[in-house]
Amino acid sequence: MIIDLSVPIVTGMPVYPGDPKVEIGPALTVAAEGVNVLGLHLGSQSGTHVDAPFHVDDALPTLDDLPLDRFLGPASIADARGLPPRSPVPIEVVARALRPGTILLIATGWASRWGSEDYHAHPYLTEETAELIIRSGVRTVGIDALSVDPTPAEDFPAHRVLCGAHAVIAENLRHLDRLVDHQVAGHEIEVSLLPLRLPGADGAPVRAVARVGPHHDRTNPPV
């Protein structure tokens with residue numbers, strides 16, 4: 001089973017405060033030029049996207065400096081649903097989901113508020129929680145919210161900790177609640193967050209997807 005974890009990219013879609021507005025429309029048409037081609041105007045952080053460390057520090061790696069295995073692999077989901085607006089994700093909720101070598105996805109349930117002002121009041125990671133994630137060996141973190149830090153923010157402690165360790169951050173994911181259910185059922189979950197290939201970039205939109213399969217009992221392999 002493939003589950004789409006991405007929001008659609010459309011004109012006027014929500015963006016982080018101050019980011020370029022998204023505008024999409026016909027550049028060429030079959031009627032006039034014989035082919036349909038869309039013109040795209042958007043920022044690197046539009047929609048479902050990944051942040052490279054360069055996003056917060058000129059001295060850190062850009063998107064194309066990172067190994068591709070940062071963007072796909074087995075996933076572990078932290079169920080942080082039901083939190084009040086603008087509240088930190090409890091560190092113990094994240095700690096239970098940390099698995100070295102996996103992609104950590106944090107399900108806040110805030111994707112259901114996409115397109116409303118309430119979307120800005122999402123839960124967030126504290127600096128302490130970000131430090132725990134890095135100590136665990138995890139180097140890819142995704143969240144179904146506008147940012148891993150509060151919005152708006154004067155400082156970005158979670159970004160600084162994660163990016164400082166050359167981690168990848170994915171934001172504006174959706175359908176993580178479905179992945180929580182599959183994880184509880186013992187199903188294997190693999191995630192792809194592969195971005196557009198933009199040299200020297202701070203980040204890029206992604207078509208994030210999860211592949212969910214039946215649980216495999218490795219203690220009794222088939223013969």
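Note: hydrogens, waters and symmetry copies are ignored here, and every other heavy atom, side chains too, is used. Values in this document were obtained by computation on a predicted structure and should not be read as measured data.
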- Are more than 12 heavy atoms from other residues, nucleotides or ligands located less than 6.0 Å from atom CZ of Arg211? no
- Item | Whether Gln183 side chain and Ile77 backbone form a donor-acceptor pair below 3.5 Å | yes
- Query: Would a 4.5 Å heavy-atom cut-off, applied to side chains only, mark Val209 and Leu193 as touching?
  - Reply: no
- Query: Does atom CD of Glu92 have more than 12 heavy-atom neighbours from other groups under 6.0 Å away?
  - Reply: yes
- Message: Hydrophobic clustering (ILVMFWY, side-chain heavy atoms < 4.5 Å, transitive) - are Trp114 and Tyr124 grouped together?
- Response: no
- Item | Close side-chain approach of Leu173 to Ile143, heavy-atom, < 4.5 Å | no
- So, Thr48 and Asn172: side-chain donor and acceptor under 3.5 Å apart, yes or no? no
- Task: Ignoring hydrogens and angles, state whether a donor on the side chain of His49 or Asp51 is under 3.5 Å from an acceptor on the partner side chain.
- Result: yes
- Query: Should the ring pair Tyr119 and His122 be called parallel, tilted or perpendicular, given that the plane angle runs from 0 to 90° and is split at 30 and 60?
  - Reply: tilted
- Task: Would you check if Val138 and Pro100 make a side-chain contact, meaning some heavy-atom pair closer than 4.5 Å?
- Result: no
- Message: Test your reading of the model: is there a side-chain donor-acceptor pair from Arg174 to the backbone of Ser6, 3.5 Å cut-off?
- Response: yes
- Task: Taking the side chain as every heavy atom from C-beta outward, state whether Arg81 and Val180 have any atom pair closer than 4.5 Å.
- Result: yes
- Query: Is the shortest heavy-atom distance from the side chain of Pro205 to the side chain of Leu42 under 4.5 Å?
  - Reply: yes
- Message: Treating Glu171 as the side-chain partner and Asp144 as the backbone partner, does any N or O pair qualify as donor plus acceptor under 3.5 Å?
- Response: no
- Step through the shown structure and confirm whether more than 12 heavy atoms of other residues, nucleotides or ligands are within 6.0 Å of CD on Glu33. yes
- Task: Check whether any side-chain N or O of Thr102 sits under 3.5 Å from a backbone N or O of Pro74 as a donor-acceptor pair, and report yes or no.
- Result: no
- Task: May I ask you to decide whether Arg96 forms a salt bridge with Asp79, counting only side-chain N to carboxylate O separations under 4.0 Å?
- Result: no
- Item | Flag, side chain of His166 to backbone of Leu60, donor-acceptor distance under 3.5 Å | no
- Within the side chain of Asp19, is there an N or O that forms a donor-acceptor pair under 3.5 Å with the backbone of Gly43? no
- Task: For residues Val15 and Gln45, determine if any side-chain heavy atom of one lies less than 4.5 Å from a side-chain heavy atom of the other.
- Result: no
- Message: Does any part of the side chain of Val168, heavy atoms only, come nearer than 4.5 Å to the side chain of Arg139, both counted from C-beta?
- Response: no
- Interatomic distance, Ile91 atom CD1 to Thr126 atom OG1 [nearest 0.5 angstrom]: 5.5 Å
- Message: Looking at Asn36 and Thr29, would you say the former's side chain and the latter's main chain have a donor-acceptor pair under 3.5 Å?
- Response: no
- Task: Using only heavy-atom distances, determine whether the side chains of Ser44 and Asp202 contain a donor-acceptor pair under 3.5 Å.
- Result: yes
- Query: Is any side-chain heavy atom of Phe71 less than 4.5 Å from a side-chain heavy atom of Ser192?
  - Reply: no
- Do other residues, nucleotides or ligands put more than 12 heavy atoms under 6.0 Å from the CG atom of Leu68? no
- Message: Regarding His175 and Asp4, do their side chains bring together a donor and an acceptor under 3.5 Å, going by distance alone?
- Response: no
- Task: Decide whether Leu83 and Val94 are clustered together by the hydrophobic rule: side chain heavy atoms of Ile, Leu, Val, Met, Phe, Trp, Tyr closer than 4.5 Å, transitively.
- Result: yes
- Query: Are Thr62 and Asp64 close enough that a side-chain donor and a side-chain acceptor fall under 3.5 Å?
  - Reply: yes
- Please report the C-alpha distance between Asp155 and Arg160 in whole Å, then the side-chain angles of each, then the deciding distance to 0.1 Å, and finally whether the side chain to side chain contact (heavy atoms under 4.5 Å, CB included) criterion is met. CA-CA 9 Å; Asp155 190 17; Arg160 284 191 287 100; 3.0 Å; yes
